[in-house]
Amino acid sequence: QVQLVESGGGSVQAGGSLRLSCQVSKDTMDPITIAWFRQDPGKEREGVGVLYAGRGTTMYADSVKDRFTISQDNARNMVYLQMNSLKAEDTAMYFCAGARYLPRWPLYEGDFVYWGQGTQVTVSS
């Protein structure tokens, strides 16, 4: 069983920064690939980025590349999404999601079977 819990959301002004956290709890020794998705009402869910299990390779959507960074703290079972230079269009509910294998890029939510409940990020311009 795998459980994911996001935290760190909030309201910031454009140009500001936030760091989201995803706490990963599992009862298996198998590595878990963790991705970040976001969704605003009326819009489709978008894959923001992914941290692949193993060497820690990351990939990002073009819309956030060079601004967002995914990192991990294995000792604390945490995965982070550092968001810098935030824009109004970054406003969304952010979710972390897990997969037991290595989902192909671009990301599809159907490839991830474990989901957190989300944390809201609101950016004001």
Donor-acceptor pair, [X] side chain versus [Y] backbone, under 3.5 Å?
X      : Y      : result
Glu46  : Arg38  : no
Lys26  : Thr28  : yes
Arg67  : Ser85  : yes
Thr57  : Tyr52  : no
Glu6   : Thr119 : no
Thr33  : Tyr101 : yes
Tyr108 : Pro103 : no
Thr58  : Ile70  : no

Against Gln72, only a single residue in Val24, Ile34, Leu51 fulfils side-chain contact (heavy atoms from CB on, under 4.5 Å); can you say which?
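When Val24, Ile34, Leu51 are each tested with Gln72, the side-chain contact (heavy atoms from CB on, under 4.5 Å) holds only for Leu51.
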
Would a 4.5 Å heavy-atom cut-off, applied to side chains only, mark [X] and [Y] as touching?
X     : Y      : result
Gln1  : Tyr114 : no
Arg19 : Met83  : no
Asp40 : Thr91  : yes
Asp90 : Val121 : no

Trace of the salt bridge (Lys or Arg N to Asp or Glu O under 4.0 Å) decision for Arg104 with Asp111:
CA-CA 9 Å; Arg104 180 180 179 180; Asp111 291 331; over 6 Å; no

Row check, Phe95 ring normal vs Arg45 NZ/CZ: under 6.0 Å, within 45°
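Cation-pi check for Arg45 and Phe95: passes.
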
Looking at OH of Tyr60 and CH2 of Trp36, how far apart are the two atoms once the value is rounded to the nearest 0.5 Å?
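Here the rounded value is 12.0 Å.
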
Angle between ring planes, Phe37 versus Trp115, binned at 30° and 60°: parallel, tilted or perpendicular?
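The rings of Phe37 and Trp115 sit tilted, inter-plane angle from 30° to 60°.
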
Can you tell me how the ring of Tyr94 sits relative to the ring of Phe68, calling it parallel under 30°, perpendicular over 60° and tilted otherwise?
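Answer is tilted, since the angle falls between 30° and 60°.
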
